[in-house]
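What follows is a set of notes on a single structure, which appears directly below.
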Amino acid sequence: MTAELPQDSIDRRWFLSRMAAVWAAAGAGTLLGGGLAAAPAAAHGGGSGVWETAYARTIRRAALDDPTELTISEAAAAFRRRLLRPTDLMEAYLDRLATFGDVYKAFLWRPTDAQLLAAARRVRIDSRSTPLAGIVTAEKDNFYTKDIPTTAMSPVYADFVPGYDSTVHARMKAAGAIMMGKAAMGPLASGRARLPDGTATTVNAWTPDDIRYSPSGSSGGTATAVAGRLSTSGTGTQTGGSITSPSQAQNLTGLKPTFGRASLFGIVPLTFTRDHPGPLARDAMDAAIMLQSFAGPDRNDPRTLGMPPVPNLVKAATVYTYRGKPKVRWSTTVGYPPDFLSGANAETRPLRQSLLDTLVAVGCRVAEVPYPAEWEPLSALSSTAGEATNMFLPFLREDVSLFADRLPGFLNGMFRSSDSYMKMLQARYQFLRLVLDQVFDKCDVFLTGTVFDGIGLPLIAFPYGMGVDTATGLPVPRGTTLGAPPFGEERLLAVVAAYQAVTEHHLRRPPDPSPVAARSFTAPYKVPPDYDASDET
């Protein structure tokens, strides 16, 4: 194991106090009081030498034959070795988009082919280039893009064209990424992508001929673009699972960072205390490259200030070897709750057991960690309805019809008292304290769901096998989620990188749409009436 310590060794009480201050400020309505003028955001990058190990040592032959198969790491290495030009990569994606774009419906808006090819021709690969130079990305349609529509797929923002870029988008552009388009999303970051009348649009890339199987979560358009090989990587946001959930559903590696690690400036908000931007990628290294490029302090977002400096995430995601075999970089105990195995069904139980066995094989210790006594009531109290309503009150007062099927959830928030909201914030504090004191005293990372969203802790989702969807009977990927203490992105990446070094689940790609689907898109599918659109994800 390497000697240097990852950043999750930082005093956890400091983070507890910080989040308490954020929640208190949000409750008082002062979190972003005064504001700061928008300014161009420089590429973060993390300092010289951070990209040293970002370039793949070996590039799969099959990926060179079809560049849409390349990971960021592989494509960046191919560019540097003059095996591939950025225009070659762009042309491969445009060919695929021309054939299958109308089936996947992953994008709401994109530049013309001529504009994209011109952008690829302008890329110059040299020793100063970041691994994102010439890489094709999909960006969720709630990230501001200057002079380009940003609608959050909702009538509320139907005519909105921002005058500046979000910090995330600006930093990715500065790092050389080329945006293929704005990805479809759940309206105002809720559920699957759909029209105001409830008609579903984007398909899951793994079931392109059957729209019933959801792309999962409001970042589903980004996930479909990456999984369907219409972009190399992408960005999403998570308030209640919308990076990790679509990543699991579409065989991707999605990283939700610690709250405040990446700026929310220039992103259509849902809450001030639970929103997180993050990457949806093909493997741990690509997720690290993406987050490394846009994480870090931003004077336009006070939530990012005073944080520990962004560490070398790329190094953390670089496979560590011991005596020639992949091993986890740091001594790590992986905790799992009792129901991880006992609550699994006949399909997922062997997958989960194999996951634990493989983690042991790469040097992790695995241990069952019981839920603390107050886990269930405290985790259930982290609702976002009141916060989301507050964010959109001016629009609600103007025209409630703009909210379509999102209206019940927002109205629910209007009827919540300030007292109930303050109790929710207090519950979050108690839950964060419970997790830090009674879960992460027993393990370094924990196999969990999305309950860490409300308390700002980092999560990484990754695939661990295949299953069969009961509704459609189609083969679909299965994934899981690891959580960590504050600033635990390094350890999460190191664990998943070691796991992916000895498995091939993340290398699986979905089937192409059938010729019939490619010629004529599936008939409109209405989201079922019992669909819970108030679940802000």
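Note: hydrogens, waters and symmetry copies are ignored here, and every other heavy atom, side chains too, is used.
In this structure a side-chain-to-backbone donor-acceptor pair under 3.5 Å is present from Q500 to A284. Side-chain N or O atoms of D286 include one that pairs as donor or acceptor with a backbone N or O of S73 at under 3.5 Å. Between the E489 side chain and the T258 main chain, a donor and an acceptor come within less than 3.5 Å of each other. Side-chain atoms of T202 come within 3.5 Å of backbone atoms of K105 as a donor-acceptor pair (strictly under, hydrogens ignored). Side chain of R352 to backbone of L341: no donor-acceptor contact under 3.5 angstrom is found. Of the possible polar contacts, one joining the N204 side chain to the S214 backbone as a donor-acceptor pair under 3.5 Å is found. R282 places a side-chain N or O within 3.5 Å of a backbone atom of V226 that can act as its donor or acceptor partner. With hydrogens and angles disregarded, a donor-acceptor distance shorter than 3.5 Å links the side chain of R171 to the backbone of F294.
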>> Between I289 and V314, does the side chain to side chain contact (heavy atoms under 4.5 Å, CB included) criterion hold? Intermediate values first, please.
In response: CA-CA 6 Å; I289 292 171; V314 170; 4.2 Å; yes
>> With side chain to side chain contact (heavy atoms under 4.5 Å, CB included) as the criterion, how do S231 and V136 come out once you've worked through the C-alpha distance, each side chain's angles and the decisive distance to 0.1 Å?
In response: CA-CA 5 Å; S231 69; V136 180; 4.2 Å; yes
> Between F462 and H505, does a side chain to side chain contact (heavy atoms under 4.5 Å, CB included) hold up when you go through it step by step?
Replying inline: CA-CA 9 Å; F462 59 100; H505 305 303; over 6 Å; no
>> Show, in sequence, the C-alpha distance, side-chain angles and deciding distance for F143 and M185, and conclude whether the side chain to side chain contact (heavy atoms under 4.5 Å, CB included) test is met.
In response: CA-CA 11 Å; F143 288 80; M185 59 180 285; over 6 Å; no
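Side-chain atoms of S216 and S245 include a donor-acceptor pair closer than 3.5 Å. Looking at T348 and N345, their side chains do bring a donor and an acceptor atom within 3.5 Å of each other. Between the side chains of S218 and K140, at least one donor-acceptor pair of N or O atoms lies under 3.5 Å. If you check the side chains of D283 and T71, you find no donor sitting under 3.5 Å from an acceptor. Using modelled atom types, one finds a donor on one side chain and an acceptor on the other under 3.5 Å when comparing D339 with Y371. Side-chain contact, T273 with R428: a donor N or O sits under 3.5 Å from an acceptor N or O. Counting only N and O atoms by type, the side chains of S166 and E139 include no donor and acceptor under 3.5 Å apart. Side-chain atoms of Q250 and T224 form a donor-acceptor pair, as typed in the model, at a separation below 3.5 Å. For the residue pair N300 and T167, no side-chain donor N or O sits within less than 3.5 Å of a side-chain acceptor on the partner. Using modelled atom types and a 3.5 Å distance limit, the side chains of T481 and Q248 yield a donor-acceptor pair. Inspection of the T150 and K182 side chains reveals an N or O donor paired with an N or O acceptor under 3.5 Å. Side-chain contact check for R406 and S154: no donor-acceptor pair (N or O, by modelled atom type) lies under 3.5 Å. Side chains of T232 and Y93: a donor-acceptor N/O pair is present below 3.5 angstrom, by distance only.
Taking the side chain as every heavy atom from C-beta outward, E4 and K315 approach each other to under 4.5 Å. At least one side-chain heavy atom of L457 sits less than 4.5 Å from a side-chain heavy atom of F440. T358 has its side chain out of reach of Y464: every pair of non-hydrogen atoms, C-beta onward, lies at least 4.5 Å apart. You'll find the side chain of R12 reaches within 4.5 Å of the side chain of P486, heavy atoms only. In this structure, I267 and D275 have side chains that are not in contact, with every pair of non-hydrogen atoms separated by 4.5 Å or more. Residues R13 and D437 meet the side-chain proximity criterion, which asks for heavy atoms closer than 4.5 Å. Looking at heavy atoms from C-beta onward, P277 lies in side-chain contact with L264 at the 4.5 angstrom threshold. Inter-residue side-chain proximity for S293 and L291 is flagged as unmet; no heavy-atom pair is nearer than 4.5 Å.
Looking at every heavy atom in both residues, Y157 comes nearest to A152 through CD1-CB, 4.4 Å. Shown here for S233 and M290, the closest heavy-atom pair between the two residues is OG-CG, 3.5 Å. In terms of heavy atoms, P257 sits closest to H276 at O-CD2, 3.3 Å. Minimum interatomic distance between F259 and R274 (heavy atoms only, all atoms of both residues): CE1-N, 4.0 Å. When every heavy atom of Q238 is checked against every heavy atom of T244, the shortest pair comes out as OE1-N, 2.8 Å. Pairing each heavy atom of M391 with each of L270, the nearest pair is CG-O, 3.2 Å.
Note on ring orientation: taking the six-membered ring where Trp is involved, the planes of Y144 and Y164 are tilted (angle from 30° to 60°).
Counting heavy-atom neighbours within 6.0 Å of E368 CD, excluding the residue itself, gives a total above 12. Crowding of Q353 atom CD: a count of heavy atoms from other residues, nucleotides or ligands under 6.0 Å exceeding 12. Environment of CD in E347: crowded, with over 12 heavy atoms of neighbouring residues, nucleotides or ligands closer than 6.0 Å. Heavy-atom neighbours of K442 NZ from other residues, nucleotides or ligands within 6.0 Å: above the threshold of 12. Residue R509 places its CZ atom among more than 12 non-hydrogen atoms of other residues, nucleotides or ligands, all under 6.0 Å distant.
Summarising the geometry, atom OG1 belonging to T448 is positioned 10.5 Å from atom CZ belonging to F340; distances are rounded to the nearest 0.5 Å. For the atom pair CZ (F107) and OG1 (T222), the distance works out to 8.0 Å, reported to the nearest 0.5 Å. The CG atom of L351 sits 11.0 Å away from the CG atom of L356 when rounded to the nearest 0.5 Å. Considering CZ of R491 and CG of D444, their distance stands at 4.0 Å, rounded to 0.5 Å. Atom NE2 of residue H169 and atom CD1 of residue I148 lie 5.5 Å apart, to the nearest 0.5 angstrom. To the nearest 0.5 angstrom, W51 atom CH2 is 5.0 Å from Q292 atom CD.
For D301 and R303, the salt-bridge test passes: some basic side-chain N is under 4.0 Å from an acidic carboxylate O.
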